[in-house]
Amino acid sequence: MEPEEAAQILLLAPMEQDVESPVTIRQPKLPKQAREDLPKQLVDKDRGKRKIQRYVRKDGKCNVHHGNVRETYRYLTDIFTTLVDLKWRFNLFIFVLVYTVTWLFFGFMWWLIAYIRGDLEHIGDNQWTPCVNNLNGFVSAFLFSIETETTIGYGYRVITDKCPEGIVLLLVQSVLGSIVNAFMVGCMFVKISQPKKRAETLVFSTNAVISMRDGRLCLMFRVGDLRNSHIVEASIRAKLIKSKQTKEGEFIPLNQTDMNVGYDTGDDRLFLVSPLIICHEINQHSPFWEISKAHLAKEELEIVVILEGMVEATGMTCQARSSYVASEIKWGYRFTPVLTLEDGFYEVDYNSFHEVYETNTPACSARELAEMTAQAQLPLTWSVASKLNQQAEPEAEQEENEKDGHRDGEEQAERNGDIANVESESKV
């Protein structure tokens, strides 16, 4: 083989490989909401393995993290709230840092004034009037700054009237020190007095239950207050967190739907002295209207309950939250009573607060139960007169039919007679 032919073969070999190799076209990456649904078997299999992801945890903390926030300057526009929302270790660090930096800055200014005026060169000279008596270095200037801002006033280092620049600096430090004190002490006071810990004594039942109450299916959960100081103006709300898809194909993740827990009747406003059972009636306006026991086990939903009120001791608003996923909603159960009457008082047994017991409950949905109940019951206006009227209606219809048939026969006979007369006239 000649060298020119070998070179041509080597050049054509990659081209043949490129032609024979399959061409792979990368599909554009779509968002999760727009991807095609997996087959049902794979979805069910994956659902069994996947851990339940909560929107709100049982302790009330929201399981949401904010990412890719580019406009971080907005946090600095509300610096007070930003400091209050920080964790305690960062808050204390900033508290100490602000005071230390302020003392160091003004201590440096006092030392700079003494250095420029030459006070440091006339230490021990009784004929020299310094700006600050007994200031002989940066350490003493730093101590004088602390005494000035905290108004300690030991009396050893004092400013003289022969130093106008020192008097101006004293005024500036006093004013700025008051502002720093007001800001930082106010921040710490708000941080300490936050009623978050008060929510720790507001408890929710571990599970929610679905059972019959007054002939209707109801979803219920229990709330209680462990303290003797009560929550004033307490109110309860519930929201269903469930992803949905609109008729137009739009996917709405974690859609929030209100659940009526007594807003129309005022039952959502609580007098929370003893544990209360909050009831949501499953009617045609409820998101659980068409959910049965078997359907509930396959649902991916979460019920977020929110208890709000004012702390009686401080008057500040307190909010406690919890949630129930589908596996924590027990169908066909009721809560065990916890309130008993003792000698002159009522006693609450919190050992039974989370306990439930099984009860007879239909496994069908509330819609199916309402349809079966409507079919089983007779109308309230049922009477003998209505029965006679129903029997008389077929007889009247039969008589009308007979009259119509007789009338049609007479009309047909008249037509036949007219036709016969016409034919006889034509023959003549």
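All figures in this text were calculated on a predicted structure; none of them were measured in a lab.
No side-chain donor-acceptor contact under 3.5 Å links R157 and S140. A donor-acceptor contact closer than 3.5 angstrom is absent between the side chains of E300 and S243.
Around NZ of K58, the count of heavy atoms belonging to other residues, nucleotides or ligands within 6.0 Å exceeds 12. Sparse packing is recorded around CD of E233, with 12 or fewer heavy atoms of other residues, nucleotides or ligands lying under 6.0 Å away. Within 6.0 Å of OH in Y156 there are 12 or fewer heavy atoms belonging to other residues, nucleotides or ligands. The 12-atom threshold is exceeded at CG of N63, counting heavy atoms of other residues, nucleotides or ligands nearer than 6.0 Å. Heavy-atom neighbours of F271 CZ from other residues, nucleotides or ligands within 6.0 Å: at or below the threshold of 12. For Y263, the OH atom is loosely surrounded, since the number of other residues' heavy atoms within 6.0 Å does not exceed 12. Annotation for F93: atom CZ does not count as buried by contact number, only 12 or fewer foreign heavy atoms lying within 6.0 Å. The number of heavy atoms from other shown groups lying within 6.0 Å of CZ (F183) is above 12.
Checking side-chain atoms of T160 against main-chain N and O of C131 turns up a donor-acceptor pair under 3.5 Å. With hydrogens and angles disregarded, no donor-acceptor distance shorter than 3.5 Å links the side chain of S352 to the backbone of V338. For S145 (side chain) and A141 (main-chain N/O), no donor-acceptor pair under 3.5 Å exists by modelled atom type. In this structure a side-chain-to-backbone donor-acceptor pair under 3.5 Å is missing from Y324 to V305. For the pair K330 (side chain) and V209 (backbone), a donor-acceptor distance under 3.5 Å is absent. R222 contributes a side-chain N or O that, together with a main-chain N or O of T336, makes up a donor-acceptor pair within less than 3.5 Å.
Between the CD atom of E368 and the OG atom of S292 there is a distance of 6.0 Å, given to the nearest 0.5 Å. Of the inter-residue distances, the one linking T257 atom OG1 with H285 atom NE2 reads 14.5 Å to the nearest 0.5 angstrom. For the atom pair CZ (R198) and CG (L226), the distance works out to 8.5 Å, reported to the nearest 0.5 Å. Distance CG/D268 to CG/L270: 7.5 Å, rounded to 0.5 Å. With rounding to the nearest 0.5 angstrom, the OG1 atom of T150 is 7.0 Å from the CD atom of E147. Separation of atoms NZ (K87) and CG (L92) is listed at 13.5 Å; rounding is to 0.5 Å.
Cysteines C218 and C279 are not disulfide-linked, with SG atoms at least 2.5 angstrom from each other.
A salt bridge does not link E312 with R227: every distance from a Lys NZ or Arg NE/NH1/NH2 to an Asp or Glu carboxylate oxygen is 4.0 Å or more.
Partners of E290 according to the salt bridge (charged side-chain N to carboxylate O under 4.0 Å, His left out) rule, which considers only residues two or more places apart in sequence or in another chain, are R367. For W103, the ring pair (Phe, Tyr, Trp, His ring centres under 6.0 Å) criterion is met by Y99, not counting sequence neighbours. Residues meeting the salt bridge (charged side-chain N to carboxylate O under 4.0 Å, His left out) test with D59, sequence neighbours left out: R57.
In this structure, F80 and V190 approach most closely via the heavy-atom pair CZ-CG2, 4.0 Å. Minimum heavy-atom separation, V356 to Y333: CG2-CD2, 3.8 Å. Across F353 and G224, no two heavy atoms sit closer than the pair CZ-N, 3.8 Å. When all heavy atoms of A114 and L135 are compared, the pair lying nearest together is CB-CD2, 3.9 Å. Of all non-hydrogen atoms in A320 and F204, the two that sit nearest each other are O-CZ, 3.7 Å. Residues M259 and P287 approach most closely at CG-CG, 4.1 Å, considering heavy atoms.
Side-chain contact between T82 and R74 is absent, with no heavy-atom pair separated by less than 4.5 Å. The side-chain heavy atoms of N91 and M188, taken from C-beta on, include a pair separated by under 4.5 Å. Side chains of D225 and T201 form a contact here, defined as non-hydrogen atoms less than 4.5 Å apart. E328 has its side chain out of reach of T206: every pair of non-hydrogen atoms, C-beta onward, lies at least 4.5 Å apart. Proximity of E165 to R117: side-chain heavy atoms (C-beta onward) are separated by under 4.5 Å at one or more points. A 4.5 Å side-chain heavy-atom check between V56 and E302 finds at least one atom pair inside the cut-off. For the pair Y55/K239, no side-chain contact is recorded, criterion being any heavy-atom separation below 4.5 Å from C-beta on. Two residues are said to be in side-chain contact when any heavy atoms from C-beta on lie closer than 4.5 Å; L202 and C318 meet this criterion.
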Checklist entry - side chain to side chain contact (heavy atoms under 4.5 Å, CB included) between T102 and L176: does it pass, once the steps are laid out? => result CA-CA 9 Å; T102 305; L176 291 181; 6.0 Å; no

Next on the checklist: Between I192 and W88, does the side chain to side chain contact (heavy atoms under 4.5 Å, CB included) criterion hold? Intermediate values first, please.
Outcome noted: CA-CA 10 Å; I192 293 172; W88 268 108; 3.5 Å; yes

Next on the checklist: side chain to side chain contact (heavy atoms under 4.5 Å, CB included) for T361 and L217? Distances and angles first, verdict last.
Outcome noted: CA-CA 8 Å; T361 305; L217 273 177; 3.7 Å; yes

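In this structure, F144 and W110 have perpendicular ring planes: the angle between them is above 60°, well past the 30° mark.
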